[in-house]
Amino acid sequence: VKHIYYMQFVCFDYGYNSVVVGCHFVVVSVTWCVYAVYVWRKERNSGMSRGRGEQAWKVLVVFTWTCVGVTMEVWDFVPLWFVVDAHSLWHWNTVVLNVVFM
C-alpha cells in the first residue's frame with residue numbers, strides 16, 4: 001500500500017517501480033518453487049500418487065518459462081524483420097504458459 005501511495009501521489013519513479021516489481025517477482029517465484037519442490041518430495045517419499053505432487057512440475061515449468069519471458073521484456077532488442085520484437089515474444093510466451101494448464 002505504501003508503494004502504491006508513493007507512486008500515485010508523491011512521485012512516479014519508473015526505476016523505483018521496476019526495482020520493487022523485480023524484487024516482488026523474485027520473492028514470489030522462489031516461494032512457489034520451494035513449495036513445489038516440497039510437495040513433490042513429500043509425495044514421492046510417502047509413496048502416494050495422483051496428488052498435488054504430480055502437478056508440482058507445472059509450477060517449475062511456469063517459473064522457468066516466466067523467467068525467460070521477463071528476460072525478453074527487460075532486455076529489449078531491435079525488431080527482427082520489422083515484425084518480431086521482445087514484447088511480441090513476451091505475448092507469445094504467455095500463450096505457451098496457458099497451454100501448460102490445459
Please indicate whether His24 has more than 12 foreign heavy atoms, meaning atoms of other residues, nucleotides or ligands, lying under 6.0 Å from its NE2.
no
Quick one: are the ring centres of Phe12 and Tyr6 less than 6.0 Å apart?
no
Locate the shortest heavy-atom distance separating Thr66 from Phe25; write the atom from each residue and the value.
CG2-CE1, 3.6 Å
So OG1 of Thr71 and CG of Leu89: to nearest 0.5 Å the spacing works out to 12.0 Å
From Met7 CE over to Lys2 NZ, what is the distance, rounded to the nearest 0.5 angstrom?
14.5 Å
Which of parallel (below 30°), tilted (30 to 60°) and perpendicular (above 60°) describes His87 and His91?
perpendicular
Reference residue Cys23; test side-chain contact (heavy atoms from CB on, under 4.5 Å); the match among Val26, Val20, Val19, Val21:
Val19
Would you call the rings of Phe9 and Tyr5 parallel, tilted or perpendicular, taking 30° and 60° as the class edges?
tilted
Linked, directly or transitively: Phe82 and Leu80 (ILVMFWY side chains, under 4.5 Å):
no
Donor-acceptor pair, Ser88 side chain versus Asp85 backbone, under 3.5 Å?
yes
